[in-house]
2 protein chains.
Amino acid sequence: MARTGGPAREGAATALGRLDLAVDRGSPVPLYHQLAQQLEAAIERGRLAPGDLLGNEVDLSVRLGLSRPTVRQAIQSLVDKGLLVRRRGVGTQVVHSKVRRPLKLSSLYDDLEAAGQAPTTEVVRNEPVPASPEVAAALGVAEHSEVILLERLRRTHGQPVALLCNYLPPGLLELDDARLATTGLYRMMRAAGLTLHSARQTVGARSATAAEAARLDEQEGAALLTMQRTAYDDTGRPVEYGTHLYRASRYAFDFQLLVRG
Amino acid sequence: MARTGGPAREGAATALGRLDLAVDRGSPVPLYHQLAQQLEAAIERGRLAPGDLLGNEVDLSVRLGLSRPTVRQAIQSLVDKGLLVRRRGVGTQVVHSKVRRPLKLSSLYDDLEAAGQAPTTEVVRNEPVPASPEVAAALGVAEHSEVILLERLRRTHGQPVALLCNYLPPGLLELDDARLATTGLYRMMRAAGLTLHSARQTVGARSATAAEAARLDEQEGAALLTMQRTAYDDTGRPVEYGTHLYRASRYAFDFQLLVRG
DNA sequence: AAGTGGTCTAGACCACTTT
DNA sequence: AAGTGGTCTAGACCACTTG
């Protein structure tokens, strides 16, 4: 009796009713991931507007023919991305702001290329050197043991953007100058099967020395942005230590942070 | 028959065997969280060393009297934190490096206090002002509408560290000068029931103007670290827009990044 | 009181890695 | 072939929020 009233509200009360969601059980893509992608696409296209309620998880699981844990896993992944908010006793909502891309381990080359800046790289040095105490500590190798020093000058539109100095454990990667000139270090690492997993970065500022100013086409004493970074692979082993100098007039770091739950 | 050989290996082959794990079902703390905390503590104290295998999830769930999904949820939370690595067909290992704290939405006050720097704050301005186009866009309010301007000078050991300029939507928070002098803005927000959830930051550098140099006890033209940040609450509404200036000689940003899976 | 998300269980089958 | 994590199910009960 009470049930007969149900279908009338179904699909009308919640924003999700307007969407045609469906999963493909023959696909190798996990069901929860398929659902997450469809929800994300709907948010991206504005079919789910900020503040919209998703409708409860049980109904959604019945409608899709999935179990509730599977639906929850999909929703959780979007909550982790900052696209959805859950409130107990209330429901799941699309967040109000256009907060999108969370922080990623960024590659300067990729960032510039994505911005349509057509970066070029000049390899200044590429040779084995003995590890200084600082480098040895960062890479977890013995002092004075051999590491690879890579020094590069990056330009866009012919103008210098950054002076990049990197140290790598020996034997990790084939560092071909020709390839370095046309791609980024992180891209070469990924291509070599290395999975970058985490990094520790320190960002600061200081005035340019005469030599640095000459390289970067700045005035001596100009404000430069500095970054030191140690990157680790998925087992936590250091794969790279770098000291970078950026022209503050041409570059700034852009971060999207999510508070961890 | 084959079972009799089991107990001999149990607790010996895996590093987990050395730990006395147990959950309290009477506690209001979720079981998966209790387990995650105990594992994290074991890693922190070195009882689980980098590279150690945790042993398979089924054994662990039997030993703790939990279901496998619950054990998985605990392990997953530590994987998300970057403390553990899973490999299909291999097992779950403690990460090799000492990678710890992931990135958080940091508060300068809390950071300085945690570093034992005993920060103090001088409130320079605290008054309603009409929103500039830049501020209006960041906070999602109408141009020229009223917002709160908060300008503070932060010192440690009597020396200036940063000049903080913040804009807040009206009516969001009671900004008492006396409290501002003894705590941080984010702490006041949390105390007022605001849940900070995400932020967008831009970090750059530039040379100090004469006025800024005077405030910060630097030379004119000294390199300063700049940050602009818009912070959002858990529904995605902007709650704060700030423009900060840091003395590069006394402050740098430290980030721990995890590549999102 | 009703509805929501939060947590938990006891299984099942699959994909991948190693032996 | 054996062992591991990856995915998925069909329930259950609890805690919180709202009317």
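The chains referred to below are lettered A, B, ... by the order of the sequence lines, with proteins before strands, and numbering in each begins at 1. All values below were derived from every heavy atom in this structure, side-chain atoms included, with hydrogens, water molecules and symmetry-related copies excluded.
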For this session: Using the test side chain to side chain donor-acceptor pair (under 3.5 Å), find all partners of B:T202 that sit at least two apart in sequence or belong to another chain.
Result: A:D254
For this session: In whole angstrom, give the distance that lies between atom CD of B:Q93 and atom P of D:dT4.
Result: 13 Å
For this session: Not counting sequence neighbours, which residues clear salt bridge (Lys or Arg N to Asp or Glu O under 4.0 Å) with A:E57? List them please.
Result: A:R68, A:R72, A:R86
Problem set entry | B:R86 CZ to D:dG6 C1', straight-line distance once rounded to whole Å | 9 Å
N/O to N/O distances under 3.5 Å, protein versus nucleotides 7-11 of chain D:
| from | atom 1 | to | atom 2 | distance (Å) |
| --- | --- | --- | --- | --- |
| D:dT7 | OP1 | A:Y32 | OH | 3.0 |
| D:dT7 | O4 | B:R68 | NH1 | 3.4 |
| D:dC8 | OP1 | A:L31 | N | 2.4 |
| D:dC8 | OP2 | A:L31 | N | 3.4 |
| D:dC8 | OP2 | A:Y32 | N | 3.4 |
| D:dT9 | OP1 | A:R25 | NH2 | 2.7 |
| D:dT9 | OP2 | A:S67 | N | 3.0 |
| D:dT9 | OP2 | A:S67 | OG | 2.9 |
| D:dT9 | OP2 | A:T70 | OG1 | 2.5 |

Anything under 3.5 Å between a protein N or O and an N or O of nucleotides 17-19 of chain D, put it in a table, one pair a line.
| from | atom 1 | to | atom 2 | distance (Å) |
| --- | --- | --- | --- | --- |
| D:dT17 | O4' | A:R88 | O | 3.4 |

Problem set entry | Residues in side chain to side chain donor-acceptor pair (under 3.5 Å) contact with B:S61, at least two apart in sequence or another chain | none
For this session: List for me each residue that meets side chain to side chain contact (heavy atoms under 4.5 Å, CB included) alongside B:V23, sequence neighbours excluded, and say none if there are none.
Result: B:L31, B:Q34, B:L66
Problem set entry | Qualifying residues under side chain to side chain donor-acceptor pair (under 3.5 Å), relative to A:T230, sequence neighbours excluded | none
Seminar exercise, completed: A:T235 meets the side chain to side chain contact (heavy atoms under 4.5 Å, CB included) criterion, sequence neighbours left out, with A:D233, A:R237, B:R87, B:H96
For this session: Just jot down the side chain to side chain contact (heavy atoms under 4.5 Å, CB included) partners of A:R187, sequence neighbours excluded, or say none.
Result: A:Y109, A:D110, A:E113, A:T183
Problem set entry | Counterpart residues, side chain to side chain donor-acceptor pair (under 3.5 Å), relative to B:Y241 (two or more places apart) | B:E134
Exercise. A:N126: what forms a side chain to side chain contact (heavy atoms under 4.5 Å, CB included) with it, not counting sequence neighbours?
Worked result: A:V123, A:I148, A:L150, A:L175, A:D177, A:L180
Exercise. Between atom CG in A:D59 and atom P in C:dA2, what is the gap in whole Å?
Worked result: 17 Å
Exercise. Within a strict 4.5 Å, meaning less than it, do heavy atoms of the A:V94 and A:L53 side chains meet?
Worked result: no
Problem set entry | B:I75 CD1 to D:dT4 C1', straight-line distance once rounded to whole Å | 12 Å
Exercise. To the nearest angstrom, how far is A:L54 atom CG from C:dT4 atom P?
Worked result: 12 Å
For this session: For this output row, return yes or no: ring centroids of A:F253 and B:F253 closer than 6.0 angstrom.
Result: no
Exercise. Within the structure, does a side-chain N or O atom of B:N56 lie under 4.0 Å from either OP1 or OP2 of D:dG3?
Worked result: no
Exercise. Taking only Watson-Crick and G-U wobble pairs with both distances under 3.5 Å, what dot-bracket line describes DNA chain C, where [ ] shows pairs that cross earlier ones and | shows pairs with another strand?
Worked result: ||||||||||||||||||.
